[in-house]
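A quick write-up on the structure given underneath.
Basis for what follows: all heavy atoms, side chains included, without hydrogens, waters or symmetry-related copies.
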Amino acid sequence: MTLYKAAEERYTSMEYRYCGRSGLQLPVISLGVWHNFGSVDVYENYSKIAFTAFDHGITHFDLANNYGPVYGSAEENFGRILKAGLGRYRDELLISTKAGYDMWTGPYGVGGSRKYLMASLNQSLKRMGLEYVDIFYSHRPDPNTPLEETMTALSDVVKQGKALYIGISNYDSQQTSEAVELLRQMGTPCLIHQSRYSMLERKIGPYLLPLLEKEGVGLIAFSPLAQGLLTDKYLGGIPENSRAAKPSGRLTPAMVTPQVVDKAKRLNQIAIRRGQSLAQMALMWLLKDRRVTSVLIGASSVVQLLDNLDSLKCPEFELEELSQIELILNSN
């Protein structure tokens with residue numbers, strides 16, 4: 001088997017931003033290995049997506065212990081991709097994983113306990129064939145575990161050399177403030193917060209973003225395309241083989257409401273006038289805010305990946321365009 005060799009010009013078209021007040025830079029577009037890399041997917045397809053991503057400057061690959069389906073299969077398959085040649089560039093890669101949601105049966109396979117987080121990370125490293133990950137996240141706050149226990153476990157995995165940085169995901173503003181302070185006291189600052197953020201999901205804007213800016217923590221936005229709702233895919237209904245049509249997908253047909261489709265159609269008209277796709281405009285709408293370190297995209301094909309990357313070639317927004325977008329987003 002011929003091992004993958006990266007394109008020499010891979011750093012010529014990507015923009016990188018410093019993550020909060022750290023010295024670490026992330027590509028403004030990162031690849032999420034949530035769907036399309038599981039046991040139900042085709043290796044030839046998702047490996048080509050990963051290789052193409054790195055060829056275009058996407059250095060950051062985001063995983064979690066239970067990504068798949070089945071649980072663990074996305075990490076196993078990413079390990080296969082690393083062995084197929086991507087791993088020779090390990091020092092140029094940012095690989096992240098998470099633990100917090102359910103992973104295995106019994107009392108130690110879910111939550112925020114030290115027991116679960118430590119065991120999960122050890123399993124993740126084995127599945128991917130790695131000695132360390134670059135970022136390890138607490139995937140969600142656990143109301144049944146003291147926050148100090150969760151943050152101490154995160155701090156300790158850095159001190160053990162199993163992660164270079166740590167982050168949190170899905171924490172609200174108050175939980176984030178407390179977690180950041182605890183980690184600062186432990187000498188392991190919080191690098192990054194991963195949160196759902198898109199044109200259709202903007203609740204973090206008034207509260208969490210100012211807090212992260214104040215604390216010097218980066219933000220990476222997941223579901224920036226609202227799982228495909230901010231693309232042209234659903235403008236005429238739910239197509240076969242789409243995420244909403246898959247029984248294993250998190251996007252259900254009930255979420256493709258007439259109101260959402262109407263907003264997408266109106267936003268699409270603005271995108272067309274700008275000479276770009278709706279997906280490209282949705283990504284650039286997030287990245288116009290410098291507090292957003294990176295947007296985390298998923299891709300089911302190389303074509304879709306390249307379309308998203310072309311958003312970096314798009315012109316900046318005019319004030320009138322932003323006003324029109326805001327009117328649409330605020331409409332019922």
Candidate pair Asp134 and Arg90, rule salt bridge (Lys or Arg N to Asp or Glu O under 4.0 Å), full reasoning
CA-CA 10 Å; Asp134 296 276; Arg90 178 65 185 97; 2.9 Å; yes

Once you round to the nearest 0.5 Å, how far does [atom1] of [X] lie from [atom2] of [Y]?
{"X": "Leu200", "Y": "Gln259", "atom1": "CG", "atom2": "CD", "value": "12.0 Å"}
{"X": "Leu322", "Y": "Leu329", "atom1": "CG", "atom2": "CG", "value": "10.5 Å"}
{"X": "Met128", "Y": "Ile81", "atom1": "CE", "atom2": "CD1", "value": "11.5 Å"}
{"X": "Leu3", "Y": "Lys5", "atom1": "CG", "atom2": "NZ", "value": "11.5 Å"}
{"X": "Gln324", "Y": "Ile270", "atom1": "CD", "atom2": "CD1", "value": "5.0 Å"}
{"X": "Ile192", "Y": "Ser22", "atom1": "CD1", "atom2": "OG", "value": "8.5 Å"}

With side chains defined as the heavy atoms from C-beta onward, is the minimum distance between [X] and [Y] less than 4.5 Å?
{"X": "Arg10", "Y": "Thr59", "value": "no"}
{"X": "Met281", "Y": "Arg274", "value": "yes"}
{"X": "Glu76", "Y": "Phe37", "value": "no"}
{"X": "Leu154", "Y": "Met186", "value": "no"}
{"X": "Lys265", "Y": "Gln269", "value": "no"}
{"X": "Ile204", "Y": "Leu219", "value": "yes"}
{"X": "Leu191", "Y": "Leu164", "value": "no"}
{"X": "Leu121", "Y": "Thr97", "value": "yes"}

In this structure, would [X] and [Y] fall into the same cluster of hydrophobic residues linked by side-chain contacts under 4.5 Å?
{"X": "Leu225", "Y": "Ile220", "value": "no"}
{"X": "Leu208", "Y": "Val295", "value": "yes"}
{"X": "Met199", "Y": "Leu283", "value": "yes"}
{"X": "Leu125", "Y": "Leu86", "value": "yes"}

Salt bridge (charged side-chain N to carboxylate O under 4.0 Å, His left out) partners of [range], not counting sequence neighbours, each pair once:
{"range": "residues 145-173", "answer": "Arg114-Asp156"}
{"range": "residues 202-225", "answer": "Arg184-Glu215, Arg202-Glu326"}
{"range": "residues 42-67", "answer": "Asp62-Lys98"}
{"range": "residues 20-38", "answer": "none"}

For [X] versus [Y], what's the shortest heavy-atom pair and its separation?
{"X": "Leu286", "Y": "Val292", "value": "O-CG2, 3.6 Å"}
{"X": "Ser301", "Y": "Ile49", "value": "N-CD1, 3.6 Å"}
{"X": "Arg266", "Y": "Ser331", "value": "NH1-OG, 3.3 Å"}
{"X": "Ala74", "Y": "Gly68", "value": "CB-N, 4.1 Å"}
{"X": "Leu31", "Y": "Ala53", "value": "CD2-CB, 4.1 Å"}
{"X": "Gly112", "Y": "Thr145", "value": "O-CG2, 3.5 Å"}

Under 6.0 Å from the CG atom of Leu319, do we count more than 12 heavy atoms belonging to anything else shown?
no

Do any N or O atoms from the side chain of [X] and from the backbone of [Y] form a donor-acceptor pair under 3.5 angstrom?
{"X": "Asp41", "Y": "Gly38", "value": "yes"}
{"X": "Ser120", "Y": "Leu117", "value": "no"}
{"X": "Ser138", "Y": "Ile168", "value": "no"}
{"X": "His60", "Y": "Leu94", "value": "yes"}
{"X": "Asn77", "Y": "Ser73", "value": "yes"}
{"X": "Ser177", "Y": "Gln174", "value": "no"}
{"X": "Glu321", "Y": "Glu318", "value": "yes"}

Near-ring test Phe61/Phe78, centroid separation under 6.0 angstrom:
yes

Does Asp142 form a side chain to side chain donor-acceptor pair (under 3.5 Å) with Tyr116? I'd like the steps, not just the answer.
CA-CA 12 Å; Asp142 178 8; Tyr116 171 53; over 6 Å; no

Assess whether side chain to side chain donor-acceptor pair (under 3.5 Å) is satisfied between Asn65 and Ser124, documenting all intermediate values.
CA-CA 6 Å; Asn65 55 359; Ser124 293; 5.7 Å; no

Run Gln304 and Ser300 through side chain to side chain donor-acceptor pair (under 3.5 Å) and show every step you take.
CA-CA 7 Å; Gln304 182 184 8; Ser300 59; 2.8 Å; yes

Test side chain to side chain contact (heavy atoms under 4.5 Å, CB included), reference Pro27, set Tyr11, Tyr16, Phe54, output is Tyr16

Which Ile, Leu, Val, Met, Phe, Trp or Tyr residues join Val303 in one cluster when any pair of side-chain heavy atoms under 4.5 Å counts as a link?
none

Does anything in residues 289-298 pair up under side chain to side chain donor-acceptor pair (under 3.5 Å), and if so which pairs, sequence neighbours excluded?
Glu15-Arg290, Ser30-Ser294, Asp289-Arg291

Could you list the donor-acceptor pairs under 3.5 angstrom formed between side-chain atoms of residues 307-315 and any protein atom two or more places apart in sequence or on another chain?
{"unit_1": "Asp307", "atom_1": "OD1", "unit_2": "Gln280", "atom_2": "NE2", "d": "3.2"}
{"unit_1": "Asp307", "atom_1": "OD2", "unit_2": "Ser277", "atom_2": "OG", "d": "3.2"}
{"unit_1": "Asp310", "atom_1": "OD1", "unit_2": "Lys313", "atom_2": "NZ", "d": "3.2"}
{"unit_1": "Ser311", "atom_1": "OG", "unit_2": "Asn308", "atom_2": "O", "d": "2.6"}

Of all residues at least two apart in sequence or in a different chain, which pass the side-chain contact (heavy atoms from CB on, under 4.5 Å) check with Lys83?
none

Taking side-chain contact (heavy atoms from CB on, under 4.5 Å) as the test, write out the residues that go with Ala84, two or more places apart.
Met1, Tyr43, Phe51

Pairwise ring pair (Phe, Tyr, Trp, His ring centres under 6.0 Å) hits with a residue in residues 188-229, at least two apart
none

Which pairs count as ring pair (Phe, Tyr, Trp, His ring centres under 6.0 Å) when at least one residue sits in residues 121-176, sequence neighbours excluded?
Tyr101-His139

Salt bridge (charged side-chain N to carboxylate O under 4.0 Å, His left out) with Arg140: which residues, sequence neighbours excluded?
none

Less than 4.0 Å between a side-chain N and a carboxylate O, is that true for Glu316 and Lys288?
no

